[in-house]
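Shown next, in structure tokens, is the structure this report addresses.
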Amino acid sequence: MNGVIMLGLAIIIFITGYFTYGKWLAHTWGINPQARTPAYKYEDGQDYTPASKFMVFSHQFSSVAGAGPVTGPIIAAMFGWLPAFLWIVLGGLFFGGVQDFVSLYASVKNDGKSMGVLIEQYIGKTGRKLFLLFCWLFTLLVIAAFADIVANTFNGFAKDGSRALPGAAAASISMLYIVGALIFGIFVKKIKPTEQLRFVVAVLLMAGMICLGIAFPLYFSRDIWIFVALGYSFVASVLPMWLLMQPRDYLSTFLLIGMILSAVVGISIANPAINMPAFVGFEVNGQSLFPILFITIACGAVSGFHSLVSSGTSSKTVANERDMLFIGYGSMLVECVLGIAALIIVCAAATNGQMPEGTPFQIFSGAVAGFLSMFGLPKLYAVCIITMCVSALAFTTLDTVVRVGRLSLQELCKSDNAASMNIIQKLCANKYVATFLTIAVGYLLCRIGYMNIWPLFGSANQLLSALVLICMAVFLRMTNRKGWMLYIPMGIMFVVTFTALGQAVYHIINKLVDGNFVFMSDGLQLILALALMILAVSVVRHCGRELLSGTLKNSQTAAEK
């Protein structure tokens with residue numbers, strides 16, 4: 001097996017799946033191109049803002065394509081390339097793509113409501129509150145992990161104290177991207193350019209920011225960048241979507257697509273040999289294939305976080321229902337291509353079946369920078385650009401997840417009867433207070449370090465996916481749409497995630513018994529793991545009851561007929 005065959009096979013499968021299974025889903029559930037979408041019905045210049053298909057795709061893709069598509073496949077390659085390849089392909093087509101599409105679809109069909117509000121409409125207020133609490137706790141894990149990843153990437157100093165240009169240049173470009181996004185957002189809002197003019201201006205702006213960022217790097221430590229990243233996320237969370245997040249995501253998409261194309265073209269030209277066996281074993285380095293493979297490769301196959309983006313932000317900007325397949329299902333498959341490229345790169349860099357040294361980001365960035373240098377770009381500049389691209393994966397996810405966390409906390413604390421709300425509810429329902437609380441708790445978890453958070457994040461992420469799938473199954477049944485295609489994915493994800501969380505709790509309890517327990521790392525993880533499991537069981541009980549009662553009712557009706 002070589003890289004070109006593996007990549008080509010995956011791309012053919014994804015394209016075929018999009019035009020067959022994806023189109024079939026859209027036809028089965030029903031798309032109305034003439035319908036007035038929530039973006040137009042409730043346009044407020046803040047969250048509800050109509051945008052072009054590619055603009056919404058850019059936001060969706062930039063937000064969901066976090067560190068997972070690069071990190072997950074590279075770590076999972078320790079089991080061999082075949083298990084990872086199969087899970088990315090099958091997971092993307094039948095798990096992740098379906099979840100992203102159906103959550104976007106359900107939200108657009110219900111006035112752009114977020115997942116928590118949808119659950120209240122179809123399951124009840126208790127189910128809504130349980131789900132929103134689960135979502136808020138989950139966003140804290142994402143904020144902690146991705147803020148730490150961003151800060152480490154932007155760190156302008158090596159371990160020996162010397163200056164590190166790639167990280168400093170990536171940081172400088174990212175800061176310029178924020179300013180550039182504000183300018184670009186005002187340009188799009190006021191001038192209303194054509195898609196072609198928007199594209200040309202974006203490319204020129206992006207090229208200028210990259211050149212300036214490399215010429216004037218920012219050398220600051222990891223700790224400073226944590227505060228900068230979280231401070232930016234606070235601002236992005238409360239500003240109108242059109243002013244900062246949408247234009248930033250649009251500009252970032254060119255970087256991300258460019259990085260993916262660089263990897264694809266580089267693999268096609270270099271045609272690297274795969275130096276990892278197809279299958280290493282069911283247990284490697286004390287890690288079991290089940291369930292580790294399925295929670296390690298999260299964003300590259302299926303990710304519950306994607307549904308929060310689909311229903312929390314993207315659904316409020318969709319201009320036409322026919323765009324939903326491209327935005328929801330299409331963005332997931334593009335992310336899967338990135339996952340396959342990362343898998344090929346790490347397997348090609350292996351030596352005699354042994355994984356290369358370095359973090360997943362270092363392995364990926366070094367390889368893609370090598371591909372770019374094949375076209376005459378100086379290696380140093382190539383490394384700076386790819387480091388920026390990789391940091392953009394985490395940075396664009398960070399600002400979106402803070403916004404989603406803020407919305408979840410606000411919805412959790414709001415009441416239909418405003419007069420009955422106590423002072424705590426009123427404070428937490430305020431968008432500024434809700435954003436501050438979300439970031440503050442996320443910062444405390446960030447101090448632990450993302451390597452300690454990542455396993456719990458992966459498990460919670462996949463558990464959220466299972467919860468969303470069962471909630472969407474209830475929505476489809478109650479609106480007389482077919483939902484059987486969700487049953488197998490949600491069943492598998494429940495088994496996988498509860499197994500992984502159970503193992504995590506068992507491991508932490510063993511540390512407590514052995515006297516190696518540290519509350520700030522192990523204690524917080526144990527509390528979160530138990531809380532997530534209890535909340536998940538409660539949500540499943542409420543959703544399962546609705547799903548089962550509806551199925552029995554339909555069976556009785558059919559029997560009577």
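- Side-chain contact between D148 and R222: present, with at least one pair of heavy atoms (C-beta onward) separated by less than 4.5 Å.
- Looking at heavy atoms from C-beta onward, L464 lies in side-chain contact with C135 at the 4.5 angstrom threshold.
- A side-chain donor from one of R198 and S52 sits under 3.5 Å from a side-chain acceptor of the other.
- Although no hydrogens or angles enter the test, the distance criterion places a donor-acceptor pair under 3.5 Å between the side chain of T139 and the main chain of W136.
- The side chain to side chain contact (heavy atoms under 4.5 Å, CB included) test with S103 is passed by exactly one of S310, C471, S114: S310.
- By the neighbour-count criterion of 12 heavy atoms within 6.0 Å, atom OH of Y381 is sparsely surrounded, having that number or fewer from other residues, nucleotides or ligands.
- By the 4.5 Å heavy-atom criterion applied to side chains, E335 and V64 are counted as neighbours.
- Looking at Q462 and T497, their side chains never bring a donor and an acceptor atom within 3.5 Å of each other.
- Between F220 and F154, the gap from one ring centroid to the other reaches at least 6.0 Å.
- Of all heavy-atom pairs spanning C347 and A77, the tightest one is SG-CB, 4.2 Å.
- Checked by atom type, the side-chain pair Y329/D100 shows no donor-acceptor distance below 3.5 Å.
- Checking each of F79, F290, F294 against W87 for a ring pair (Phe, Tyr, Trp, His ring centres under 6.0 Å) leaves exactly one that passes, namely F294.
- In this structure a side-chain-to-backbone donor-acceptor pair under 3.5 Å is missing from T296 to A76.
- Here the CG-OG distance, from L308 to S408, works out to 6.0 Å after rounding to the nearest 0.5 Å.
- Judged by the 6.0 Å distance and 45° axis criteria, K316 is positioned over the aromatic ring of Y48.
- For T49 and T317, the side-chain atoms include no donor-acceptor pair closer than 3.5 Å.
- M259 is listed as a side-chain neighbour of F364, based on a closest heavy-atom distance under 4.5 Å.
- Annotation: side chain of P73 is in contact with side chain of I88 (closest heavy-atom distance under 4.5 Å).
- Aromatic ring centres of F184 and W242: separated by at least 6.0 Å.
- Here the shortest heavy-atom pairing between L437 and C428 reads CD1-SG, 3.8 Å.
- The structure places OG of S331 at 10.5 Å from NE2 of H59, a figure rounded to the nearest 0.5 Å.
- Between the CG atom of L244 and the CD1 atom of I186 there is a distance of 10.5 Å, given to the nearest 0.5 Å.
- Between the side chain of R406 and the backbone N or O of T435, no donor-acceptor pair lies under 3.5 Å.
- Counting only N and O atoms by type, the side chains of S315 and S107 include a donor and acceptor under 3.5 Å apart.
- Counting heavy atoms from C-beta outward, F498 and V537 have side chains that approach closer than 4.5 Å.
- Separating the SG atom in C211 from the CZ atom in F216 is a distance of 11.0 Å, to the nearest 0.5 Å.
- Here the CD1-CD1 distance, from I260 to I340, works out to 12.0 Å after rounding to the nearest 0.5 Å.
- A distance-only check finds no donor-acceptor pair linking the side chain of N152 to the backbone of N155 [under 3.5 Å].
- A donor-acceptor contact under 3.5 angstrom links the side chains of S303 and N461, judged on distance only.
- Taking both residues in full, the closest heavy atoms of L230 and A147 are given as CD2-CB, 4.0 Å, listed atom of the first, atom of the second, then distance.
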Step-by-step side-chain contact (heavy atoms from CB on, under 4.5 Å) determination, L133 to L412: CA-CA 7 Å; L133 182 56; L412 179 64; 4.0 Å; yes
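- Judged by distance alone, with hydrogens and angles left aside, the side-chain atoms of S311 form a donor-acceptor pair with the main-chain N or O of M115 at under 3.5 Å.
- Rounding to the nearest 0.5 Å places CZ of F146 at 5.0 Å from CD1 of I149.
- Side chain of D514 to backbone of N516: no donor-acceptor contact under 3.5 angstrom is found.
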Verdict with supporting geometry, L445 and I143, side-chain contact (heavy atoms from CB on, under 4.5 Å): CA-CA 8 Å; L445 289 171; I143 292 168; over 6 Å; no
Residue pair F57, V334: steps toward the side-chain contact (heavy atoms from CB on, under 4.5 Å) verdict: CA-CA 11 Å; F57 174 90; V334 175; 4.1 Å; yes
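- For the residue pair Q99 / S307, no side-chain donor-acceptor distance below 3.5 Å is found, with atom types taken as modelled.
- For Y250 and F54, the ring centers are positioned less than 6.0 Å apart.
- Between M472 and L118 the shortest heavy-atom distance is CE-CD1, 4.3 Å.
- A donor-acceptor pair is defined here as one N or O able to donate and one able to accept, closer than 3.5 Å; no such pair exists between the side chain of R163 and the backbone of Y219.
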Working for side-chain contact (heavy atoms from CB on, under 4.5 Å), residues V228 and M175: CA-CA 10 Å; V228 172; M175 296 303 103; 3.9 Å; yes
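- When all heavy atoms of P291 and V496 are compared, the closest pair comes out as CB-O, 3.6 Å.
- With contacts defined as side-chain heavy-atom distances shorter than 4.5 Å, the pair L239/M245 does not qualify.
- Looking at S465 and F95, their side chains never come closer than 4.5 Å, going by heavy atoms from C-beta outward.
- Between W225 and A171 the shortest heavy-atom distance is CZ2-CB, 3.3 Å.
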